Number of protein chains: 2
Amino acid sequence: MSERLIYLPLGGAGEIGMNAYVYGYGQPGRERLILVDLGVTFGDMDSAPGIDLIMPDIRWLEDNRDRLDGIFITHGHEDHVGALGLLSGRLKAPVYTRRFTGALARMKLEEAGQPTDRLNIVEPYPHVVEAGPFRVQFVPVSHSIPESAALVIDTPAGRIVHSGDFKLDGTPVVGEAFDPVLWHKIAGEAPVAALMCDSTNVFSTHPGRSESALAQPLLEFVSAQKQLVVATTFASNVARLKTLADAGVAAGRQICLLGRAMRKMVTAAVETGILRDFPPVIGPEQAAELPRDKVMLIVTGSQGERRAASMQLSMGRYLGLHLHEGDSFLFSSRTIPGNERPVIRIMNNLSRMGVNVFDADSGFYHVSGHANRPDLEAIHDLLKPAVVIPMHGEHMHLREHANLARAKGLSAEVVTNGTMIDLAGGGVRVVDQIETGRIYLDGNVLIGAMDGVVRDRIRMALNGHVTVSVIVDENDEALPDAWVETMGLAAQGRAGVPLARHLESELGEFLERADHATVMNDKKLEDGLRRITRQVSMEEIGKKPEVKVIISRLAAD
Amino acid sequence: MSERLIYLPLGGAGEIGMNAYVYGYGQPGRERLILVDLGVTFGDMDSAPGIDLIMPDIRWLEDNRDRLDGIFITHGHEDHVGALGLLSGRLKAPVYTRRFTGALARMKLEEAGQPTDRLNIVEPYPHVVEAGPFRVQFVPVSHSIPESAALVIDTPAGRIVHSGDFKLDGTPVVGEAFDPVLWHKIAGEAPVAALMCDSTNVFSTHPGRSESALAQPLLEFVSAQKQLVVATTFASNVARLKTLADAGVAAGRQICLLGRAMRKMVTAAVETGILRDFPPVIGPEQAAELPRDKVMLIVTGSQGERRAASMQLSMGRYLGLHLHEGDSFLFSSRTIPGNERPVIRIMNNLSRMGVNVFDADSGFYHVSGHANRPDLEAIHDLLKPAVVIPMHGEHMHLREHANLARAKGLSAEVVTNGTMIDLAGGGVRVVDQIETGRIYLDGNVLIGAMDGVVRDRIRMALNGHVTVSVIVDENDEALPDAWVETMGLAAQGRAGVPLARHLESELGEFLERADHATVMNDKKLEDGLRRITRQVSMEEIGKKPEVKVIISRLAAD
């Protein structure tokens with residue numbers, strides 16, 4: 001059998017979030033492996049209530065960890081590094097990142113109580129990291145966080161370019177520009193067997209705009225405001241923080257950063273030398289004492305996160321600061337689909353206070369961090385890969401991206417989570433289908449998405465909950481009293497008496513009638529009690545609740 | 001005391017949905033009243049899991065129903081007529097609508113088992129409905145449902161124009177055009193004391209476009225597709241259904257309507273004479289047998305509703321029809337904010353099947369039914385009201401609309417749900433603040449939003465649920481066995497044994513230690529058991545669940 005060059009996405013190919021891509025090279029089933037990125041995504045009330053974080057199920061990789069030669073993190077966004085602390089302990093492989101990403105990765109490991117000695121800070125291209133049969137280079141790209149990198153992965157079966165998250169920004173304000181000269185050089189070094197490529201913005205038809213294009217509009221915006229100015233953006237967008245802060249200072253205001261994530265990010269950027277001339281900042285106490293037209297707050301919570309500064313400010317006082325009629329609040333951000341409700345809630349809260357709200361719809365106050373459709377075409381043209389494998393996208397993004405590549409005569413394949421392909425033969429050959437899925441962090445426990453925990457929560461939220469407790473005495477006779485407690489159900493139904501009392505009386509009748517065989521059989525008794533509870537609830541209030549039955553059997557003395 | 005002319009929104013002023021606006025005229029506290037619209041809004045998992053419908057709390061109106069002279073329904077959208085069946089029985093007032101709206105109102109009443117004899121079908125302007133001191137005229141306006149009407153409400157204290165939902169469409173395909181000549185006439189008849197005005201699209205800066213502008217692009221779209229074409233839009237947008245169907249027929253396809261709401265709406269439109277030349281339709285069985293390029297499905301579910309045709313088709317077979325690679329699916333609709341997640345889910349499902357998805361982002365396949373910013377300015381100019389009172393909007397829409405009016409020199413006031421104003425003196429005077437809120441239809445029971453039912457459901461969804469059952473025997477001693485059932489919680493925590501068993505053992509220890517006073521006191525015993533359950537759960541799995549405790553006290557023989 002000949003060597004294979006495999007690609008296996010475990011997360012990120014079929015969703016935007018929780019990226020985790022496996023590459024392997026070697027004899028079938030004995031390939032040496034590397035993992036690119038280990039990210040999280042966030043739950044929502046519709047699909048994962050109560051869940052703190054969602055991660056890719058890496059069981060396959062765990063089962064094969066003796067073959068894993070390294071974990072490479074392209075950049076410091078949560079969807080690329082967020083699961084490192086919680087999951088990398090299961091993999092026990094060395095972790096490679098650039099400096100700034102490494103500072104964030106270190107925090108993740110420390111927060112999870114993991115050792116940090118497997119973390120290796122590496123230099124970018126042309127420095128080479130050797131990991132088993134792979135020679136990996138971090139190539140700087142521009143993105144909405146500093147030091148994002150594409151990976152050039154050389155293998156005995158050819159070169160792979162893994163784009164990471166990127167845009168074509170020649171003037172990114174903070175961090176490295178996208179360098180076409182460098183990329184031309186890379187393209188000329190060796191043919192690209194496959195380009196695994198960011199698909200996020202494939203539906204955006206205009207060329208992406210540079211971060212630097214925001215400086216002038218933001219300065220004009222801040223200068224035009226007459227009272228307190230608040231701006232929110234993604235905490236990790238260090239360049240944006242600087243653009244906003246510079247605009248504030250140029251408009252004669254002092255800058256106050258609100259939100260732990262934002263201060264942490266600026267600290268990491270300063271400490272790693274990424275961010276040099278950030279203006280001095282003041283604390284919230286000082287901000288509260290200055291005239292309102294001399295202060296600009298830059299705050300977290302652009303996606304409507306419940307505990308973040310934006311939502312808190314919109315609901316009243318936060319760290320001694322509160323907004324007034326005539327203040328201005330700018331969303332220097334895009335609302336990620338699915339977050340509309342809480343963001344709109346903030347806007348209405350602010351409206352009630354008389355605060356003037358500005359969003360990025362005009363295009364002047366936000367640019368995306370991802371390559372748009374024409375930018376993707378430019379990268380395809382530049383690298384001329386034998387095949388384009390779209391990643392970092394929902395299915396519709398991957399499919400559109402593949403169609404885009406094909407329209408220009410390139411070969412392209414949609415490969416989604418769990419599909420293992422072999423690239424060694426020149427084309428794309430599906431060689432395996434791995435069981436993948438999601439792991440949830442719930443409180444401090446990791447549970448499987450299919451464990452039924454979340455399904456039960458959703459059912460309780462939709463249907464309410466009834467507890468039924470009955471006692472079977474020492475003589476194996478059911479006591480005719482059933483105790484019922486309801487939660488999340490109307491107190492009273494059609495009978496005009498409390499639902500719980502009505503259920504108790506109906507269940508009591510059932511118990512009195514129940515024959516010995518039913519009473520002696522836990523399953524039968526429980527089924528009967530559940531059936532009546534649901535049936536009576538349906539008649540009374542039109543709902544079939546979730547029912548838990550507790551049968552207590554008293555032991556004979 | 002002199003007469004007041006009051007305005008009191010009970011719903012719709014501070015949200016888009018569940019419209020209900022009260023007008024009154026007479027001596028303070030003895031005003032004769034009319035109600036305009038009685039609508040619903042829909043719950044979501046974030047804020048109202050398991051709730052079927054949300055309605056305005058009309059208690060104030062119920063308490064004053066002897067003063068209520070009529071209910072006027074402007075048009076047949078759910079957010080204007082949806083609560084008529086469930087709530088109008090409490091008000092016992094005559095209901096006035098135009099013909100098509102009346103057909104829908106009748107269905108609402110019948111579904112709720114209400115008598116329909118209070119329903120009065122009335123002719124439009126210049127016909128006058130007298131209701132107490134009010135003389136009300138229904139004036140046709142264009143909107144995204146046929147026979148929408150503004151109300152001209154004449155009172156002894158002056159004329160009010162209640163815009164209803166409207167747009168300025170001279171060629172609305174189905175139903176009446178917005179007639180500027182008629183509106184000029186109305187504006188000339190009497191000064192307008194107040195304009196209560198639709199605010200939905202105040203943030204849309206371009207002039208609204210006509211429904212008829214879609215015919216050509218839709219024809220071109222359908223003609224260009226090579227396989228089955230599916231189009232979804234709002235069921236009540238009869239004009240759109242016709243535009244879509246006409247495009248399909250012109251492109252050589254037969255039309256099949258899928259979705260109960262859509263067929264109901266077309267039937268009502270045909271029966272009331274609104275819709276004349278709708279093309280003949282075929283059933284799903286016939287559609288399944290025809291060549292795919294000879295069929296066009298027009299289907300419900302443009303907002304991602306779980307049970308509607310769009311979602312069902314995207315998940316597989318629906319009524320014997322299923323989509324194939326190369327089919328085309330068009331959203332001839334806008335995604336209402338908050339519905340993004342399920343709509344995106346449909347798009348990804350379709351992408352997985354290889355179906356080509358088209359949305360309305362291009363602007364060619366959908367137009368809004370509401371007046372945009374310049375259209376609102378045109379109406380202000382035309383009616384020159386003494387004051388503009390924005391309605392039908394979230395707070396940010398109302399505020400923006402008021403600012404828009406003021407910028408043109410008009411007086412304007414934001415009046416939100418529960419605020420009663422008096423317009424009789426010329427200006428706007430706040431005279432009362434009424435307790436308002438929301439009523440939920442939950443199963444077949446109406447409950448108050450503040451009853452705690454939904455709060456408990458959300459808590460169970462976020463925190464999970466534990467049931468604890470203990471028995472106190474005939475001798476007033478707690479049996480040391482506690483029975484525990486969990487739901488929506490990780491099966492196992494740090495102790496490495498099932499959570500329920502671990503809780504039982506910890507609770508058993510507590511029961512053994514508990515003193516007589518605790519055992520004899522339900523409250524004390526319950527508090528102790530709950531506290532330990534939450535504390536142990538926190539240690540074990542990092543979550544504090546909702547806890548129901550059932551204490552069964554065995555009676556001495």
Side-chain angles (χ1 to χ4, degrees), chain A residues 14 44-47 49-50 337-338 340-342 344 347-348 350-352 354 357 394-396 398-400 442-445 447 451 453-454 456-465 467 469 471 479 481 483 485 487-494 538 540-543 546 548-550 552 554, chain B residues 14 44-47 49-50 337-338 340-342 344 347-348 350-352 354 357 394-396 398-400 442-445 447 451 453-454 456-465 467 469 471 479 481 483 485 487-494 538 541-543 546 548-552 554:
Chain A
D44 56 56
M45 191 71 184
D46 293 275
S47 60
E340 288 81 2
R341 283 181 206 147
I344 289 172
M347 290 180 172
N348 282 311
L350 294 171
S351 178
R352 267 179 226 108
V357 178
E394 298 172 13
H395 196 282
M396 60 181 175
L398 305 184
R399 180 161 177 262
E400 183 76 7
D442 183 42
N444 54 34
V445 182
I447 60 177
D451 289 0
V453 172
V454 159
D456 283 351
R457 285 189 196 158
I458 291 172
R459 285 184 180 168
M460 288 192 288
L462 294 175
N463 308 325
H465 186 280
T467 303
S469 173
I471 297 173
L479 301 186
D481 293 326
W483 284 264
E485 288 274 355
M487 191 164 186
L489 289 172
Q492 189 167 311
R494 296 196 169 172
M538 191 67 200
E540 280 289 296
I541 60 168
K543 289 189 88 88
E546 303 305 302
K548 277 285 180 190
V549 175
I550 298 190
S552 311
L554 301 182
Chain B
D44 57 56
M45 191 71 184
D46 292 276
S47 59
E340 288 80 3
R341 282 181 207 148
I344 290 172
M347 291 179 171
N348 282 311
L350 293 171
S351 177
R352 266 179 228 109
V357 179
E394 298 173 13
H395 196 282
M396 59 181 175
L398 306 183
R399 180 162 177 261
E400 184 76 6
D442 183 41
N444 54 33
V445 182
I447 59 177
D451 290 1
V453 172
V454 160
D456 283 350
R457 285 189 197 158
I458 292 172
R459 285 184 182 167
M460 287 192 287
L462 295 174
N463 308 324
H465 186 280
T467 302
S469 173
I471 297 172
L479 301 187
D481 293 326
W483 283 264
E485 289 274 355
M487 190 165 187
L489 289 172
Q492 189 168 309
R494 296 196 168 173
M538 191 68 201
I541 60 169
K543 289 189 88 89
E546 303 305 302
K548 277 285 180 190
V549 175
I550 298 190
I551 300 165
S552 311
L554 301 183

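Predicted, not measured: the structure shown is a model, and the values here were computed from it. All chains are named by letter (A, B, ...) in the order of the sequence lines, taking the proteins before the strands, and each is independently numbered beginning at 1.
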Could you measure the distance from the [atom1] atom of [X] to the [atom2] atom of [Y]? Nearest 0.5 Å is fine.
X	Y	atom1	atom2	value
B/H465	A/E546	NE2	CD	11.0 Å
B/M45	A/M45	CE	CE	5.0 Å
B/S469	A/E485	OG	CD	10.5 Å

Among [options], which has the most heavy-atom pairs under 4.5 Å with chain B?
options	answer
A/N463, A/L489, A/L398, A/D46	A/D46
A/G14, A/P49, A/A461	A/A461
A/Q492, A/R494, A/R459	A/R494

Please classify the contact of [X] with chain B as side chain, backbone, both or neither, using a heavy-atom distance under 4.5 Å.
X	answer
A/L350	neither
A/I447	side chain
A/D451	neither

- Task: Could you check A/M396 against B/I344 for side-chain contact (heavy atoms from CB on, under 4.5 Å), going step by step and ending with a plain yes or no?
- Result: CA-CA 9 Å; A/M396 60 181 175; B/I344 290 172; 3.9 Å; yes

- Tell me, please, which residues at least two apart from B/E400 pass salt bridge (charged side-chain N to carboxylate O under 4.0 Å, His left out).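 For B/E400 the salt bridge (charged side-chain N to carboxylate O under 4.0 Å, His left out) partners, ignoring immediate neighbours, are B/R373.
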
- Task: State which residues pass salt bridge (charged side-chain N to carboxylate O under 4.0 Å, His left out) with A/D44; sequence neighbours excluded, sorted by chain then number.
- Result: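 Salt bridge (charged side-chain N to carboxylate O under 4.0 Å, His left out) list for A/D44, sorted by chain: B/R341.
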
Only pairs of heavy atoms separated by less than 4.5 Å count here; which of [options] has the most with chain A?
options	value
B/G443, B/G542, B/S351	B/S351
B/V454, B/D456, B/N444	B/N444
B/M347, B/E394, B/M538, B/M460	B/M460
B/P342, B/A490, B/G493, B/A491	B/A490

- Query: Tell me, side chain or backbone of B/I458 under 4.5 Å from chain A's heavy atoms, or both, or neither?
  - Reply: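 The answer is both parts of B/I458.
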
- Please look at B/I541 and chain A and tell me whether the side chain, the backbone, both or neither of the residue comes under 4.5 angstrom of a heavy atom of that chain.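 When you check distances to chain A, atoms from both the backbone and side chain of B/I541 fall under 4.5 Å.
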
- Message: Consider side chain to side chain contact (heavy atoms under 4.5 Å, CB included). Of A/D481, A/L479, A/I471, which one does B/S552 pass it with?
- Response: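 Among A/D481, A/L479, A/I471, the one meeting side chain to side chain contact (heavy atoms under 4.5 Å, CB included) with B/S552 is A/I471.
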
- Please step through side-chain contact (heavy atoms from CB on, under 4.5 Å) for the pair A/I550 and B/I550, ending with a clear verdict. CA-CA 10 Å; A/I550 298 190; B/I550 298 190; over 6 Å; no

- Message: With side-chain contact (heavy atoms from CB on, under 4.5 Å) as the criterion, how do A/K543 and B/V445 come out once you've worked through the C-alpha distance, each side chain's angles and the decisive distance to 0.1 Å?
- Response: CA-CA 9 Å; A/K543 289 189 88 88; B/V445 182; over 6 Å; no

- Message: Is it the case that the side chain of A/R399 and the backbone of B/G354 share a donor-acceptor pair, with hydrogens and angles ignored and the cut-off at 3.5 Å?
- Response: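 Answer holds: yes.
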
